[in-house]
Protein chains: 2
Amino acid sequence: MTKKTASVPALMDVARRAGVGAATVSRVINGGQNVSTKTLAKVQAAIQELGYHPSQAARSLKGAKTKTIGLIIPSVADPFFSAAAAAIQEVALEHETLVLLAASDNQPAREREQITALIQRRIDGLILAPTYAAEPTMLQHAKFPVICFDRPFPDKAVPTVLADNYGGAKAATEHLIRNGYERILCIGGDAPLFTSQKRVKGHRDVIRAAGLPYLAELNVQDYLSTRAALDRHLAGRQKIDAIFCIKNELTVHAYRVLRERRIAIPRSVALLGFDDFELADALEPPISVIRQPVVEIARKAAEMLFKTMEHESVGKGMITMRVELVTRGSCGEQ
Amino acid sequence: MTKKTASVPALMDVARRAGVGAATVSRVINGGQNVSTKTLAKVQAAIQELGYHPSQAARSLKGAKTKTIGLIIPSVADPFFSAAAAAIQEVALEHETLVLLAASDNQPAREREQITALIQRRIDGLILAPTYAAEPTMLQHAKFPVICFDRPFPDKAVPTVLADNYGGAKAATEHLIRNGYERILCIGGDAPLFTSQKRVKGHRDVIRAAGLPYLAELNVQDYLSTRAALDRHLAGRQKIDAIFCIKNELTVHAYRVLRERRIAIPRSVALLGFDDFELADALEPPISVIRQPVVEIARKAAEMLFKTMEHESVGKGMITMRVELVTRGSCGEQ
DNA sequence: GAATGAATTGGAATCGATTCCATTCTTTGC
DNA sequence: GCAAAGAATGGAATCGATTCCAATTCATTC
């Protein structure tokens, strides 16, 4: 009969139940300094009985941190980004912070919506793998720090952590050439993506410098389009002798096509992928790849964000992480 | 000179700038009903100029929804759960809701912390894959609906969506027996986990009914322990002739061990896994598995949550989703 | 042109926790 | 035993958006 609505108990409910003032309850919640043992016990009992939890909304209204950061990635299902999300999650946990996860699906419009939603929630910081058409103005008014990863933001002022896509593609192509391949097909998916462009450029620069023919199919998305693209280059007089895949799903698709067509790897055609994947070393033959340090990249980005939030300067630049050539046999190494 | 701190603009700042009252600005933000075209324009201009975004904190303080749901899973890096997270994310987007993602790492203590943090943020609902020791009392006072997936909550009142673990394990074992295997080793990792228990039970019931020896190694975690376990059963007089893996990483580990030991699949030993994985059909031979409908399970859970949030009744029961036996050849099928 | 109703508009209370400040209650020192 | 320092406590303003209610403007009709 006392209370009409069975709503969430508030600080004032605790205060009344314990027979103390609101300020005292607040003190108890925040460490209990300057509170007598007796009232401390009374208040804590009241909190237990009511199942009280302070409202983060009310707190952040008074200017407190929200203890929440935002994370926008293209897709949660993508193994690269889910690994990154896990690493960021981990760092956030170390700082007692939750992660608001949003997926942009590489669509600028959706990215904008998600950023707006995050701003309204007054997050303490944002980690972002921006779409190719991210809008710098969006974050102009934002009062929280932003760190990009995997791709840079059009506005150069945003600190960014990413892999050495250009160098990795160069190393990959040089590796193929070193192993005697000369007609190398480069297949890629999202042409407008920053990472794709860098990788294609790295590949092309090496090919050009070596005086080899530049062969590319850069609009390949799924298994079917991969097969179509490969078939175009696996027959005729001008057959290719190696494939360099710009991203990891394509490596798997290319592997499947080659198996299906009964083309020996690496005897007839070598295969090299950008980005390592779970079972690359369990396939027949194991696939050589350029490995990006996903976890390190994500952790670094997260750590930079928290440092910035604590007003430590982290610089404005772009941090490029070294990639690694992992040789497993699909390019005729020994 | 007008404002001292360059803090986030508030509704009142917009009101002053547009020369109107706070209530009017509020009306503009929320659809602009009963506002003259003239003031509408003025207010919208002010909003633009200041880069104003309403504070979700202040809104939810007045009892509004937070447009945020919580999601607690053991690990974001686990492909099963990241696929689930992606599906839930998708449903949330359809309802213009964000997802607060938290990882429990299967630790009850951490799960409790995360739930507390979510309660403080006054989420509208929670989707949870509970640890084996989840505490029912935690959510007693919670004023938001909760849906579990993949595993049930100790408190039976929480609606749950999960796969038919028992039936799947039965089907798997029957399949192996049907194909002539008689000494089947069951390997599993987390004994206390609900899913593991159901699967082991399903397997055992069939083995017992068939009068075959029940062989199990249920404390296998990584590649090394898998190898040790298998080696114990691959030598001697009492060799096994098939392996049933309780979860997907183990299937991959077992595959690796068999390859390394040069044991022919399925000629010498058959291999069958619970839970499908990305490259199961690209391995040599392709691996037969029990496939769980991950996306369907996660979507269903999310849809149930949103229905409950809209006060539609969804019942209290447990929804069991059918699993599917995918035969690929690793059990000697033709 | 006045009256009636409808459309706009602003004032002020409200949500829940924090915090400054004033007040009351203990100590402690001399 | 009394003053001064210090600990414990409550009152009330504050944060930002919503919403009821009252007040004002506007349009319409006789």
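Bear in mind that the values here come from a model prediction, so they are computed numbers and not experimental data. Order of the sequence lines fixes the chain letters, A, B, ..., with proteins taken first and strands second; residue numbering starts at 1 for each chain.
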Which residues, if any, of residues 113-120 of chain A bring a heavy atom under 4.0 Å of DNA chain C?
->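 By residue number: none to list.
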Distance check needed: [N] [atom2] versus [X] [atom1], whole Å only.
| X | N | atom1 | atom2 | answer |
| --- | --- | --- | --- | --- |
| K67(B) | dA17(D) | NZ | C1' | 17 Å |
| R16(A) | dG16(C) | CZ | C1' | 12 Å |
| M12(B) | dG16(D) | CE | P | 11 Å |
| L11(B) | dT18(D) | CG | P | 7 Å |
| H53(B) | dA17(D) | NE2 | P | 12 Å |
| Q56(A) | dG16(D) | CD | P | 16 Å |

R59(A) side-chain N/O to dA17(C) phosphate OP1/OP2 under 4.0 Å |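 So the side-chain polar atoms of R59(A) never come under 4.0 Å of the phosphate oxygens OP1 or OP2 of dA17(C).
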If only side-chain N and O atoms of S55(B) are considered, is one of them under 4.0 Å from the OP1 or OP2 phosphate oxygen of dG16(D)?
-> no
Among all residues two or more places apart in sequence or in another chain, which pass the salt bridge (Lys or Arg N to Asp or Glu O under 4.0 Å) test with E49(B)?
-> R17(B)
Any residue meeting salt bridge (Lys or Arg N to Asp or Glu O under 4.0 Å) with D190(A), in chain and number order, not counting sequence neighbours =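 D190(A) satisfies salt bridge (Lys or Arg N to Asp or Glu O under 4.0 Å) with K247(A) once adjacent residues are dropped.
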With sequence neighbours excluded, what pairs up with F306(B) under the ring-ring contact (aromatic ring centres under 6.0 Å, His included) test?
->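 Applying ring-ring contact (aromatic ring centres under 6.0 Å, His included) to F306(B) gives H95(B).
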ring-ring contact (aromatic ring centres under 6.0 Å, His included) against Y52(A), all qualifying residues, sequence neighbours excluded |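 Residues passing ring-ring contact (aromatic ring centres under 6.0 Å, His included) with Y52(A): none at all.
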For M318(B), what residues pass the side-chain contact (heavy atoms from CB on, under 4.5 Å) criterion, not counting sequence neighbours?
-> P152(B), T160(B), L162(B)
Flag, side chain of T39(A) to backbone of V35(A), donor-acceptor distance under 3.5 Å =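 Such a contact is absent between T39(A) side chain and V35(A) backbone.
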With a cut-off of 3.5 Å and sequence neighbours excluded, list every side-chain donor-acceptor pair involving residues 86-94 of chain B.
unit_1	atom_1	unit_2	atom_2	d
E94(B)	OE1	R299(B)	NH2	3.4
E94(B)	OE2	R299(B)	NH2	3.2

Please round to 10 degrees the angle between the axis of the first five pairs and the axis of the last five pairs in the helix from dG1(C)-dC30(D) to dC30(C)-dG1(D).
-> 40°
Just grab all the salt bridge (charged side-chain N to carboxylate O under 4.0 Å, His left out) pairs involving residues 24-36 of chain A, residues at least two apart or on different chains.
->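 Listed by first then second residue: nothing to list.
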Pairs in or reaching into residues 64-80 of chain A: which pass salt bridge (charged side-chain N to carboxylate O under 4.0 Å, His left out), with residues at least two apart or in two chains?
->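 Qualifying pairs: none.
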When the side chains of residues 108-115 of chain B are checked against the rest of the protein, which donor-acceptor pairs come out under 3.5 Å, sequence neighbours left out?
unit_1	atom_1	unit_2	atom_2	d
E111(B)	OE1	T131(B)	OG1	2.9
E111(B)	OE2	T131(B)	N	3.0
R112(B)	NH1	E135(B)	OE2	3.0
Q114(B)	NE2	A103(B)	O	3.0

What orientation do F80(B) and F149(B) show, parallel under 30°, tilted 30 to 60°, or perpendicular over 60°?
-> parallel
Once base and sugar-phosphate atoms are separated, protein heavy atoms under 4.0 Å mark nucleotides 8-15 of chain D, 5' to 3', with B, S and - as SBBB--BB
